[in-house]
Amino acid sequence: MLALLHTSPLHVPVFDALRDEHHHGLELRHFVDEELLTRARREGPEAVVDELRAVLDTAVREGASAVLCTCSTIGGVAEAAAAGVPVLRSDRPMAAAAVAAGPRIVVLATVESTFGPTTSLIREEARRAGREVRVRTRLVEGAWERFRSGDTDGCARLVAAAVDTVTDADAIVLAQGSMAPAEHLTTTTVPVLSSPRPGLAAAAAAAGIGRWQAPTWGLSPSCGRVSGEPGAGYAGE
């Protein structure tokens, strides 16, 4: 079983749909804790380490063979936690793909707390690859409020409009998983990268189902307040 840690319940159907499309036979269990992001935005990601470990411990006790954290703000502290099973951040494969695309990377986000963790991750992947990168950031004003209110289409339209204003870039990174629907609304010729699909593929491989292969882009992813929601398994491919 693969456990997914979300900071919004709106991520649950997104990852269930990706599992149904690409990872038949993979059982998902969703843990949702919105307060983790609220506190991390207010006090910094390190402030939620204890609560995060409690969620990971619960997931392991319930049988998780790997955990995927889908929140970019707390992904780094989740990845660093000693849980006894692999803990992955969903945006790492996306960051690696951005580095592979070229040195000029623009990061878009709907909350400012995401910029630090995401740019740090991109630079980490650049060092790993032995490449130089230049990272610029841009906040999409108003998009987070749309997402939080349940207007995911409105959020996607604002993000897509912001993407299409970006020039002089080799890759555009949508820093949060909630921004992924905008990827298909853009008209830019610059590669636009999101985290849910490659993040779930990497986690499925870590859980022992499927094999993750890095894409080539631009060279032309209840414990206290936490609820555990089991996802239905499907027959193997």
Side-chain angles (χ1 to χ4, degrees), residues 4-22 28-43 45 48 55 68-75 78 89-91 93-95 98 106-119 136-167 169 171-188 190-200 221-222 225-232:
L4 289 87
L5 171 57
H6 310 292
T7 53
S8 169
L10 296 176
H11 294 308
V12 173
V14 172
F15 283 88
D16 279 345
L18 287 172
R19 181 273 316 276
D20 293 349
E21 184 178 357
H22 299 288
L28 302 182
R29 183 159 298 174
H30 301 282
F31 294 83
V32 181
D33 190 343
E34 296 180 89
E35 181 61 25
L36 286 174
L37 178 58
T38 300
R39 188 176 175 196
R41 290 181 65 191
R42 184 176 64 243
E43 304 174 33
V48 302
V55 178
L68 179 67
C69 178
T70 66
C71 176
S72 51
T73 297
I74 64 171
R89 54 188 297 176
S90 62
D91 52 354
M94 174 184 66
V106 175
V107 175
L108 268 63
T110 63
V111 293
E112 290 189 63
S113 62
T114 303
F115 285 134
T118 301
T119 56
R136 299 170 4 233
T137 61
R138 182 174 299 182
L139 183 68
V140 185
E141 300 280 356
W144 178 247
E145 290 72 22
R146 295 282 185 95
F147 179 76
R148 286 294 301 272
S149 71
D151 182 10
T152 55
D153 290 341
C155 174
R157 287 193 297 271
L158 285 176
V159 172
V163 166
D164 285 338
T165 66
V166 174
T167 58
I172 300 170
V173 168
L174 304 182
Q176 296 144 256
S178 56
M179 304 169 75
E183 186 178 354
H184 306 292
L185 301 178
T186 63
T187 60
T188 181
V190 178
V192 180
L193 311 180
S194 63
S195 62
R197 188 186 303 271
L200 183 61
S222 139
R225 297 174 301 274
V226 181
S227 62
E229 302 177 37

**Student:** Would you name the heavy atoms of L193 and A171 that are closest together and state the gap between them?
**Tutor:**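 L193 and A171 have their closest heavy atoms at CD1-CB, 4.3 Å.
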**Student:** Against V166, only a single residue in V190, T188, L108 fulfils side chain to side chain contact (heavy atoms under 4.5 Å, CB included); can you say which?
**Tutor:**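 The option that passes is L108.
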**Student:** Holding to side chain to side chain donor-acceptor pair (under 3.5 Å), I want the full list of residues that pass it with T7, two or more places apart in sequence or in another chain.
**Tutor:**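 Partners of T7 by the side chain to side chain donor-acceptor pair (under 3.5 Å) criterion come out as none, since no residue qualifies.
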**Student:** T118: what forms a side chain to side chain donor-acceptor pair (under 3.5 Å) with it, not counting sequence neighbours?
**Tutor:**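 With sequence neighbours excluded, T118 shows a side chain to side chain donor-acceptor pair (under 3.5 Å) to no residue whatsoever.
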**Student:** Judged by atom type as modelled, is there a donor-acceptor pair below 3.5 Å linking the side chain of T73 to the main-chain atoms of L37?
**Tutor:**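 Looks like no, no N/O pair under 3.5 Å.
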**Student:** What pairs of donor and acceptor atoms, side-chain ones from residues 136-151 against any protein atom, are under 3.5 angstrom apart with sequence neighbours left out?
**Tutor:**
from, atom 1, to, atom 2, distance (Å)
R136, NH1, D168, O, 3.1
R136, NH2, T167, O, 3.3
R138, NH1, T165, OG1, 2.6
S149, OG, E145, O, 3.4
S149, OG, R146, O, 2.8
D151, OD1, G154, N, 2.8

**Student:** Within this structure, what is the CZ-CD distance for the pair R42 and E35, rounded to the nearest 0.5 Å?
**Tutor:**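 Interatomic distance, R42 CZ to E35 CD, rounded to 0.5 Å: 6.0 Å.
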**Student:** Which residues pass the side chain to side chain donor-acceptor pair (under 3.5 Å) test with T186, not counting sequence neighbours?
**Tutor:**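 Once residues adjacent in sequence are excluded, T186 has no partner under the side chain to side chain donor-acceptor pair (under 3.5 Å) criterion.
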**Student:** I need the minimum non-hydrogen distance between S178 and H11, along with the two atoms involved.
**Tutor:**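 That would be N-CE1, 3.5 Å.
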**Student:** Side-chain contact test, heavy atoms from C-beta onward, threshold under 4.5 Å: evaluate it for V14 versus T70 and give yes or no.
**Tutor:**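 With C-beta onward as the side chain, the pair stays apart.
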**Student:** Could you tell me the separation between the OG atom of S8 and the CG atom of L36, rounded to the nearest 0.5 Å?
**Tutor:**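 Answer rounded to 0.5 Å: 12.5 Å.
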**Student:** Would I74 and C69 count as a side-chain contact (heavy atoms from CB on, under 4.5 Å) if you check the C-alpha gap in whole Å, the side-chain angles of each, and the deciding distance to 0.1 Å?
**Tutor:** CA-CA 8 Å; I74 64 171; C69 178; 3.8 Å; yes
**Student:** Give me the atom names and distance for the closest heavy-atom approach of A175 to A109.
**Tutor:**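 Distance-wise, the nearest heavy atoms are CB-CB, 4.1 Å.
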**Student:** To the nearest 0.5 Å, how far apart are CE in M179 and CG in L158?
**Tutor:**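 These two atoms lie 10.0 Å from each other.
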**Student:** Sub-3.5 Å donor-acceptor pair from the side chain of Q176 to the main-chain atoms of T110, do we have one?
**Tutor:**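 Yes; at least one donor-acceptor contact below 3.5 Å.
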**Student:** Could you check L174 against V163 for side-chain contact (heavy atoms from CB on, under 4.5 Å), going step by step and ending with a plain yes or no?
**Tutor:** CA-CA 9 Å; L174 304 182; V163 166; 3.8 Å; yes
**Student:** Report yes if the side chains of P181 and L185 come closer than 4.5 Å at any heavy-atom pair, otherwise no.
**Tutor:**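 In short, these two side chains do not touch, never coming nearer than 4.5 Å.
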**Student:** Between P117 and S72, what is the shortest heavy-atom contact and its length?
**Tutor:**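 Shortest heavy-atom contact: CB-O, 3.4 Å.
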**Student:** Just to verify, what does F115 make a ring pair (Phe, Tyr, Trp, His ring centres under 6.0 Å) with, not counting sequence neighbours?
**Tutor:**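 Here no residue qualifies.
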**Student:** Applying salt bridge (charged side-chain N to carboxylate O under 4.0 Å, His left out), name anything that partners D153, two or more places apart in sequence or on another chain.
**Tutor:**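 Partners of D153 by the salt bridge (charged side-chain N to carboxylate O under 4.0 Å, His left out) criterion come out as none, since no residue qualifies.
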**Student:** Which heavy-atom pair separates V48 from R39 by the least distance, and what is that distance?
**Tutor:**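 Minimum heavy-atom contact is CG1-CB, 3.9 Å.
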**Student:** Working to the nearest 0.5 angstrom, can you tell me the gap between D164 CG and T187 OG1?
**Tutor:**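 The distance works out to 3.5 Å.
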